[in-house]
Each structure stands twice: as structure tokens, then as C-alpha cells.
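Taking it in order: structure first as C-alpha cells, then the write-up.
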There are 2 protein chains.
Amino acid sequence: MARTTRQRAAVAAVFDTLEGFHSAQEVHARLRTSGDGVGLSTVYRAVQALADDGELDSIRTDSGEALYRRCSTQHHHHLVCRTCGRTVEVAGPTVEAWADRIAGEHGFADISHTLEIVGTCADCRAAAAAS
Amino acid sequence: MARTTRQRAAVAAVFDTLEGFHSAQEVHARLRTSGDGVGLSTVYRAVQALADDGELDSIRTDSGEALYRRCSTQHHHHLVCRTCGRTVEVAGPTVEAWADRIAGEHGFADISHTLEIVGTCADCRAAAAAS
DNA sequence: GAGCGCATGAGAACCATTGTCAACTCACCG
DNA sequence: CGGTGAGTTGACAATGGTTCTCATGCGCTC
């Protein structure tokens, strides 16, 4: 199993050249545009296979879309403004350590986690106050 | 806007009697069973309106389903086994404090956050090792 | 009580994702 | 190097949660 085919390599290559999170749909569109035709089903399968192998991390958007990113990129979390959508990336060594500890206490291993903080940024609070 | 109708009250009532996270579909089924017929569209609208008003928190399942819960219930996070799906609820005062601090540093207020820890539980590791 | 609008709900539309299945292709064997 | 078979592919259909549409209904205000 896990044969190395042109399509699978193409999908993996996309994540090598791209930073951050990307959807399966986006990968598919990107491959189509770049001339490497890869079927949509295949992109989904490849992406899931990569995620199973631990080469990709996955999260879900608020709209229910699945996003993937190369695992090795340094870990960070998102601080999102609920009004204007502005996003700040924050590192959280405290949280990493806490998650590992909690997971260990419950007998869990091979931990990964996702954390999103949602709030209202200073600008939007000012704008709201002015109205 | 935000009129007080029977349907909206019914949806809100469901979350008063239920602990934890529940999907819109589940709320709809529950209302249907209990005799209060409320349209699916209306459940979605009510749930979103409640979320907008800050009365409900929402997260997404791995399968893309949206889950909601009453905000006031004590805050906790989920530790999920990626193999068998077993879920442990964990409290995280450390994380709460950290999130508040980080958000404050970036000028964000009215913070809420979601945190999911995914790993492999002891049982599933043992099962995997046996195979 | 009358009238204005927002709210409702049945069904259709939407869209990301998953399933299907015949054709294909890679890896290995001889 | 050609054959062989099992894993892969991809066009298309199906699924399922969510959103949209629009005619009808009901809460509110006057």
C-alpha cells in the first residue's frame, strides 16, 4: 500500500511550497491551474492519507471546510477578531505544555491540538463605542 | 427584530435542559419528538441568533457538524481519541488565564476560545501494538 | 382590531466531502 | 522486457449538514 504516484507526489508538493492552512478544494484548483490534472477524489484521498501518516495537520473552518497544513511548520494558534476578522498568530508554549500534561494524565499519546481565541479587537471596540 | 416566538423559546429551552454540546439537527429531532413542531430552518436560524447574542457557544465536529451549548455552563475542553472517538472533558484554568492574557496583550477583549486536544488513548495504542 | 413586517417552514438549492466502479498503472516476477 | 494482479485514479453520483426561497403566519404597535 501507499504507492508513490504522480498524483500523490503532486499533492504533497503543493504543501511543500505553501505556508499555513489550505483546503482540499484549493489544492485541487491549484493543481488544475498548474497543468497537473488531479481528480478531486484523489486530492481528498491523498490529503487524508498524508494526514493519517502524520505528515499533515487538519482543522475545520467555522464554515465547516477542512484545512490542512504541513506538520513541520512551527506551531502557533490564532487570535481572531469576531467583528472584522483580523487574525493574529500567537505562539503558546504554555498551552503546548499544558496539553501534553493533561493528555498524559488521561493516558493519551501522540497529541496534537487546535486552539482558537475569538474576541473583539481594539479598533472594532472603538468603532462600536462610537456608534 | 428578535421577536419572542414560541419556536425561539422552544429552541432556547432545549439548551436549558441539556448539558454540553448539541447539534442543530439534534435539537430539531428533539423538538419534533416532544411534540413541539419546529421547522429545521427555524432551528438553524434560532440557534444562530442565540449564538450571535452570545447566549450559545459553537464549535465544529471533525465531521463538519456544528455543535452548540449554553454559554453559562462551566467551561471545559475536549480530549478526543483519534481512533475510537472516546472523549474526555477536561477543565483548563491554566489555558483560560493564558488566553485572557495573550488576548489582552494584543488589544482584544470579550474573549472566548475553543480548544481541542486529539491523541490516541491507551486502549487504542495497545490495540495497535497488538496488530 | 387592523396592518405592517419580521418570523416561519416545507422544500429546493448548495457545497464540501465521500462512495462507486470501470479503467489504469505501478511494482514485482519470471 | 512483457505479463500479472493489487492498489490507484477520476468522472460522476450520492450524501448530509447547512442555507436559501418565498408564500403564509403571527407578534407588535397604533
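All values below were derived from every heavy atom in this structure, side-chain atoms included, with hydrogens, water molecules and symmetry-related copies excluded. A, B, ... follow the sequence lines: proteins, then strands. Residue 1 opens every chain.
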Results of ring pair (Phe, Tyr, Trp, His ring centres under 6.0 Å) for B:His28 - residues two or more places apart only: none
To the nearest angstrom, the CZ-C1' distance between A:Arg60 and D:dG16 comes to 12 Å
Below 4.5 Å, heavy atoms only, C-beta onward: do A:Leu56 and A:Phe15 meet side chain to side chain? yes
Quick check: any donor-acceptor pair below 3.5 Å linking the side-chain of B:Ser41 to the base of C:dA10? yes
How close or far is atom C1' of C:dA7 from atom CG of B:Leu40, stated in whole angstroms? 16 Å
Write down the distance between CD1 (B:Ile59) and P (D:dG17), rounded to a whole number of angstrom. 16 Å
side-chain N/O B:Gln7 vs D:dG25 OP1/OP2, d < 4.0 Å: no
Expressed as a whole number of angstroms, how long is the span from A:Leu50:CG to D:dT8:P? 12 Å
Return whichever of B:Ser23 or B:Arg6 has its heavy-atom-nearest nucleotide of DNA chain D closer to the 5' end. B:Ser23
When you check the phosphate oxygens OP1 and OP2 of C:dT17, does a side-chain N or O of A:Tyr44 lie under 4.0 Å from one of them? yes
Interatomic distance, A:His28 NE2 vs C:dT17 C1' [rounded to whole Å]: 13 Å
Is it the case that the base of D:dG10 and the side chain of A:Arg45 share a donor-acceptor contact (distance under 3.5 Å, atom types as modelled)? yes
Across the strands shown, which category fits B:Glu26 at heavy-atom distances under 4.0 angstrom: base, sugar-phosphate, nothing? nothing
Nearest-0.5 Å distance, CZ of residue B:Arg69 to CD1 of residue B:Ile59: 7.5 Å
Find the bend of the helix from C:dG1-D:dC30 to C:dG30-D:dC1 as the angle between its two terminal axes (five pairs each), to the nearest 10°. 30°
Taking only side-chain N and O atoms of A:Arg8, does any of them lie within less than 4.0 angstrom of OP1 or OP2 on D:dT8? yes
If I take atom CD in residue B:Gln48 and atom C1' in nucleotide C:dA7, what distance separates them, rounded to the nearest angstrom? 14 Å
Spatial distance of atom CG (A:Asp53) from atom CD (A:Gln48) [nearest 0.5 Å]: 12.0 Å
Name the nucleic acid region contacted by B:Glu65, choosing base, sugar-phosphate or nothing; use a 4.0 angstrom heavy-atom cut-off, strictly under. sugar-phosphate
Once you round to the nearest 0.5 Å, how far does CD1 of B:Ile117 lie from NE2 of A:His106? 8.5 Å
C:dT8 phosphate, OP1 or OP2, under 4.0 Å from B:Thr5 side-chain N/O: yes
Non-neighbouring partners of A:Ser63 that pass side-chain contact (heavy atoms from CB on, under 4.5 Å), sequence neighbours left out: A:Thr61, A:Glu65
Any side-chain heavy atom of B:Leu67 sitting closer than 4.5 Å to one from B:Arg60? no
Side chain of A:Ala24 only, heavy atoms from C-beta on: which candidate in C:dG9, D:dT18, C:dT17 is closest? C:dT17
